Trainee: 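I have a structure here, written as structure tokens, and I will follow up with some questions on it.
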There are 2 protein chains.
Amino acid sequence: MTASSTVTKARLLELVATLGTAQWQDFAAAAARHGLTSVQAKLLAQLKGPVPMRGLAELLVCDASNVTGIVDRLEARGLVRRETDPADRRVKNVVATEEGRRTIERVRAEMQATHSALDALTEEERATLYTLLERLRPGLEHRA
Amino acid sequence: MTASSTVTKARLLELVATLGTAQWQDFAAAAARHGLTSVQAKLLAQLKGPVPMRGLAELLVCDASNVTGIVDRLEARGLVRRETDPADRRVKNVVATEEGRRTIERVRAEMQATHSALDALTEEERATLYTLLERLRPGLEHRA
DNA sequence: CATTGATGCTTGAGGCCATCAAGCAACTGG
DNA sequence: CCAGTTGCTTGATGGCCTCAAGCATCAATG
């Protein structure tokens with residue numbers, strides 16, 4: 001049993017990795033069609049409301065100084081805006097402009113490969129998949 | 001039903017994305033502990049046998065000229081070797097050295113977050129998850 | 001053969017991503 | 001008011017990535 005379990009686990013791991021990169025490339029390709037790099041699109045996707053630079057660095061798991069450049073480029077295209085926080089003038093809150101929101105929404109809609117992949121499942125199967133994946137989350141996320 | 005189905009689909013999509021990036025960061029962190037960038041590790045992971053540069057470019061979905069640099073850096077560290085193909089002297093087959101194989105094997109083993117996440121499922125659940133994910137593959141992969 | 005074309009790889013220029021160290025501005029506690 | 005902390009930016013350095021151009025080799029044709 002240990003043996004067969006190990007095999008299943010290794011294969012499952014590989015499958016998850018394969019699908020993960022396929023979805024990522026689907027996302028990157030959709031973003032590229034709108035002149036965005038994947039990281040720019042990912043940042044834009046996080047902006048449901050105003051988020052300080054520091055918060056973006058944590059969401060993207062990278063250095064804060066890196067965020068400066070990414071936001072610079074998005075701001076230069078008018079997809080994003082910096083607003084200095086009135087309560088603490090050190091922090092700059094980043095908000096998506098109307099065009100930024102429209103753009104990221106289109107990117108999401110244009111992830112055809114991902115959408116068609118999910119369409120291959122019935123609603124019930126999607127629910128099953130969801131609960132299984134939900135159980136994976138704690139193990140994957142409690143890392144720095 | 002359309003409405004609830006849509007909600008489930010959007011959430012599922014987001015969950016898949018979240019887990020995908022979490023796993024990728026687990027991989028990147030493990031690679032970094034061995035002084036490898038994520039792309040270098042990913043390339044190394046593809047080398048079950050000799051693979052020509054062109055083939056690596058397809059596997060990594062990037063330009064061939066990019067592979068040159070990545071292999072250069074891996075070769076400089078002795079993790080990989082270029083062998084010119086005897087049948088066609090234009091092609092260089094890349095093979096992992098013994099150290100390269102050992103290194104990537106350690107990286108795989110050290111993906112603690114991923115392993116512990118999978119340990120949260122019973123073997124039966126893993127099997128279910130596997131078949132569900134397997135059904136997603138065709139939709140995700142038949143894109144250029 | 002010799003030429004023409006295609007294919008595999010590399011090089012160089014240019015741009016983005018990523019980190020680190022250093023710095024400035026603004027808040028905070030005493 | 002002053003020392004320390006925090007949020008952001010800048011500059012240096014290096015890796016990733018693409019495109020255009022180039023060299024070497026192979027394959028097909030006359």
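These figures come from a predicted structure and were not determined experimentally. In what follows, chains carry the letters A, B, and so on, assigned in the order in which the sequence lines appear, proteins first and then strands, with residues in each chain numbered from 1.
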Trainee: For the pair made of CG in A:Leu43 and C1' in C:dA18, what is the distance, rounded to whole Å?
Mentor: 14 Å
Trainee: Is the CD atom of B:Glu124 crowded by more than 12 outside heavy atoms at less than 6.0 Å?
Mentor: no
Trainee: Select from B:Ala64 and A:Ala64 the residue whose nearest nucleotide in DNA chain D is closer to the 5' end of that strand.
Mentor: A:Ala64
Trainee: For A:Arg82, I'd like to know if atom CZ has over 12 heavy atoms of other residues, nucleotides or ligands within 6.0 Å.
Mentor: yes
Trainee: Tell me: CD1 of B:Ile70 to C1' of C:dC9, nearest whole Å?
Mentor: 14 Å
Trainee: Between P on D:dC17 and CG on B:Asp63, what's the gap in Å once rounded to a whole number?
Mentor: 11 Å
Trainee: Looking at the side chain of B:Cys62, which of D:dC17, D:dT9, C:dT11 is the nearest nucleotide?
Mentor: D:dC17
Trainee: Hey, any chance A:Leu19 and B:Leu60 share a hydrophobic cluster, counting ILVMFWY side chains that come within less than 4.5 Å of each other, even indirectly?
Mentor: no
Trainee: Show me the protein contacts with nucleotides 27-30 of chain C, counting only N or O atoms at under 3.5 Å.
Mentor:
residue: C:dC27; atom: OP1; partner: A:Arg89; partner atom: N; Å: 2.8

Trainee: Only one of A:Asp85, A:Val91, A:Asp88 passes side-chain contact (heavy atoms from CB on, under 4.5 Å) with A:Pro52; say which it is.
Mentor: A:Val91
Trainee: If we check side-chain contact (heavy atoms from CB on, under 4.5 Å) with B:Val67, which of these qualifies: B:Leu59, B:Val51, B:Leu56?
Mentor: B:Leu56
Trainee: Apply salt bridge (Lys or Arg N to Asp or Glu O under 4.0 Å) to A:Glu134 and A:Arg137, showing your working.
Mentor: CA-CA 5 Å; A:Glu134 193 58 62; A:Arg137 177 180 269 173; 3.2 Å; yes
Trainee: To the nearest 10 degrees, what angle separates the axes at the start and end of the helix from C:dC1-D:dG30 to C:dG30-D:dC1, five pairs each?
Mentor: 10°
Trainee: Taking the side chain as every heavy atom from C-beta outward, state whether B:Leu136 and A:Leu129 have any pair of such atoms under 4.5 Å apart.
Mentor: yes
Trainee: Of the options B:Glu105, B:Glu99, B:Glu98, which is the one that meets B:Arg101 in a side-chain hydrogen bond (donor to acceptor under 3.5 Å, both in side chains)?
Mentor: B:Glu98
Trainee: Could you state the atom-to-atom distance from CG of A:Leu56 to C1' of C:dA18 in whole Å?
Mentor: 16 Å
Trainee: Grab the CD-P distance between A:Glu58 and C:dA18 for me, whole Å please.
Mentor: 16 Å
Trainee: Please find the pair of heavy atoms, one from B:Ala96 and one from B:Leu44, that lie closest to each other, and give the distance.
Mentor: CB-CD1, 4.3 Å
Trainee: Reckon B:Ser65 has a side-chain N or O less than 4.0 Å from the OP1 or OP2 of D:dA20?
Mentor: no
Trainee: Could you state the atom-to-atom distance from CZ of B:Arg54 to C1' of C:dA6 in whole Å?
Mentor: 12 Å
Trainee: Counting side-chain heavy atoms from CB outward, which of C:dT19, D:dC16, D:dT9 is closest to B:Arg73?
Mentor: D:dC16
Trainee: What integer distance in Å separates A:Gln40:CD from C:dG15:C1'?
Mentor: 11 Å
